[in-house]
> 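Pasting in a structure now, in structure tokens, and then I'll have a few things to ask.
These values consider heavy atoms only, across backbone and side chains, with no hydrogens, waters or symmetry-generated copies. Letters go in sequence order (proteins before strands), and every chain restarts at 1.
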2 protein chains.
Amino acid sequence: MSDIKKVSETAGVSIATVSRTFSSPDIVSQKTRAKVQKAAKELGYHPNSLARNFRVQRSYSIIALVPDMTNPFFARVIGGLEKAANNRGYTLLLGNTGHNIEIEKKYANLAQTSLVDGIIQLSAHYPLECEPSLRKIPLVNICECFNEPNVPQVIFDNVGGARAIMKLLLEKQHRNIGIVTGPNESPLNEERIKGCEEALYEYGIKLDPDNMYTGDFTFEEGYRAADIFLKRETKPTAIFCFNDEMAIGSMKRIKEDGLRVPHDMSVAGFDDIHFAAYSDPPLTTVAQPAEAFGEPALNFLCDQIDRTRDNQNYNAPERKILPYELVIRDSVATCAKN
Amino acid sequence: MSDIKKVSETAGVSIATVSRTFSSPDIVSQKTRAKVQKAAKELGYHPNSLARNFRVQRSYSIIALVPDMTNPFFARVIGGLEKAANNRGYTLLLGNTGHNIEIEKKYANLAQTSLVDGIIQLSAHYPLECEPSLRKIPLVNICECFNEPNVPQVIFDNVGGARAIMKLLLEKQHRNIGIVTGPNESPLNEERIKGCEEALYEYGIKLDPDNMYTGDFTFEEGYRAADIFLKRETKPTAIFCFNDEMAIGSMKRIKEDGLRVPHDMSVAGFDDIHFAAYSDPPLTTVAQPAEAFGEPALNFLCDQIDRTRDNQNYNAPERKILPYELVIRDSVATCAKN
DNA sequence: GTGAAAGCGCTAACAG
DNA sequence: CTGTTAGCGCTTTCAC
């Protein structure tokens, strides 16, 4: 690997000029630029990013802390983040935390060693060791959010999405609806429950805790939830699961009893994973614009990075809410009981 | 951010000692180490990785070039890579190429600017600009492999896996088996076809090109393949798809004709994605140990990185073949025609 | 538009 | 076991 010095010598210019032709070509004269480029090509020179990043004290990398990359929804979010990052000249690092706080901390600390310029957290969990109020490290929270003043969020309209699909079920005459939620702790979960409540309220119904099952977003838990609902004396006529995997798990269990979806029991999901169109029957669900998290997340993050470098104060927290979209397929029908 | 100098001053030692207590604590006396750690803590000091990486001329990062992160199989592979990388002190960067050669090239070139120490390529495609024979950049090829002497591979036993599942179908009396392959170019595809041939050969049958459909590993193409097979005068009694998504797409189409899987038509897949257990019926398939690619891939890569740094020659290419596992579920039955 | 020179924070000889 | 010192490759003032 030849270095900047060798290039400057064979091009007959100073190293400063070589540096400029690579980092800000426009301030170098046409003629000089050509000379340098020729020399660089001959020598197979590529600027050393390690040196550059060190010199300017920034890595041009950011890290996404993702609880489970294997989850197809997160996979799509990551795709969107990566694209947005690249558009801004950043490289995206991936921190697969597996819901493990120690691992998450380890990744988050890359920021303290300057290895990354900022962090995008995809869980409802403040990832840094330092006090939130003393935070210097650019951080934005997306998807599942904790509530910390001062860290920007981009979230999905969980309330709206849940309300919409719940209303769909209600319009189809369902009155006894089983709800399979995610783990209790998460705000996301509370928001979706709130959406359910709002829809039921419009129909003069109160949310019945007996009709709720706390799942964990896996196929298995969807299966188990349906199992429990099916054993009731008065079974629900519809099940709304807070994600598609659980909905698919539920359908599997329902069909095992010889019941048909949606004729005997309707099922609705949440997320619109690719697979939702290929389940049997195809799943009615609400689509989250997974890829759309990237752009606003990077806007927020880059803002912070720039402000931190300029030693400016960080202002009011920001928040962007992404719209939902109802995806009607074949897993929901009018209630047979009526 | 305080730097090493400030820590050395408040601890009353030289900067070299501070550096040592962080990079090789064992060669610093207990007492000194304690002093330094105390000072570091007080000052909130964290070693600057940018400086360190620059100094030692390595990034401790590697990049995985993945064609489509949204693909659940690749997601699992990435998980395995990340873990293996972390175990060796490397950070894994992700390059989502979307099958786009320009993007792939862009990512691969991060190695030339020293931003990554090595590359793991997940496609059957040599990613670098320089001649394969002149390559200096550590590179290993996994999953789908091109054949380039000199770059180590870790691949899955595609021949064995395809042969095994094909034999299962044959044992179940199927003689007219539709095969839905992946795109023609890939060696992976050729290997699976070879496996099919070998199994058929044992039964004295020759592979019939008319019974093959060239898909692209999407749900949609599986659906389309089944559509074509179903319109034949003599329909196949079983369909073997080269991945699970296509198998699930096929089942959807088959069921649309009122046929039952597996009673009227058997379907087999490949990969064992998580979803395969939750399709209807649950899919019989061959499992690839997706996470298991990580360890051997990193062994090969780290070897190369170390050798490159020691200016040693690179020796014979290496290759590791991962074993398959047959996963019997409910989508394959004995042929009804016999 | 270009060059000279300082220095980013750290590591690794080398000497003691 | 610890300190001194050179220097990694680049960017960025400051002159000219």
> Rounded off to whole Å, could you give me the NZ-to-P distance for the K6(B) and dG9(C) pair?
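To the nearest whole Å, that distance equals 10 Å.
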> Find the bend of the helix from dG1(C)-dC16(D) to dG16(C)-dC1(D) as the angle between its two terminal axes (five pairs each), to the nearest 10°.
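Comparing the axis at each end, I get an angle of 20°.
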> side-chain contact (heavy atoms from CB on, under 4.5 Å) with L122(A): which of L81(A), L65(A), N71(A)?
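Considering L81(A), L65(A), N71(A), a side-chain contact (heavy atoms from CB on, under 4.5 Å) with L122(A) is found only for L81(A).
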> May I ask you to say whether K38(A) pairs ionically with E42(A), meaning some side-chain N is under 4.0 Å from a carboxylate O?
yes
> Rounded to the nearest Å, what distance is computed from the CZ atom of residue R309(A) to the P atom of nucleotide dC8(C)?
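Answer to the nearest Å: 15 Å.
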> Whole Å only: how far is the CD atom of E9(A) from the C1' atom of dT2(C)?
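Going from E9(A) (CD) to dT2(C) (C1'), I get 17 Å.
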> Starting at CG of L115(A) and ending at P of dG9(C), how long is that distance when rounded to a whole Å?
15 Å
> Give the rounded distance in Å between these two atoms: CD of Q57(B) and C1' of dG7(D).
11 Å
> Could you tell me which non-hydrogen atom of T308(B) sits nearest to which non-hydrogen atom of P138(B), and how far apart they are?
OG1-CG, 3.9 Å
> Do F74(A) and F293(A) have ring centroids that are under 6.0 Å from one another?
no
> Between Q30(A) (CD) and dT2(C) (C1'), how many Å, whole number?
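To the nearest whole Å, that distance equals 16 Å.
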> Ignoring hydrogens and angles, state whether a donor on the side chain of Q304(B) or R309(B) is under 3.5 Å from an acceptor on the partner side chain.
no
> Do S59(A) and D117(A) pair up side chain to side chain, a donor and an acceptor below 3.5 Å, judged on atom types alone?
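Per modelled atom types, S59(A) and D117(A) side chains form a pair under 3.5 Å.
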> Name the orientation class of the two ring planes belonging to Y90(B) and Y60(B) (parallel below 30°, tilted from 30 to 60°, perpendicular beyond 60°).
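Y90(B) and Y60(B): tilted rings.
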> Should the pair K320(A)-E295(A) be classified as a salt bridge under the 4.0 Å nitrogen-to-oxygen rule?
no
> Whole angstrom is fine here: how far is it from CG in L50(B) over to C1' in dT11(C)?
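Atom CG in L50(B) sits about 15 Å away from atom C1' in dT11(C).
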> Rounding to a whole Å, what distance do you find between I27(B):CD1 and dG3(D):P?
12 Å
> Give the B/S/- string for nucleotides 10-16 of chain D, one per nucleotide from 5' to 3', where a protein heavy atom under 4.0 Å of the base yields B, of only the sugar-phosphate yields S, and otherwise -.
BBBB---
> So does R135(B) pair up with E129(B), basic N to acidic O under 4.0 Å?
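Looking at E129(B) together with R135(B), the answer is no, because their closest N to O distance does not fall below 4.0 Å.
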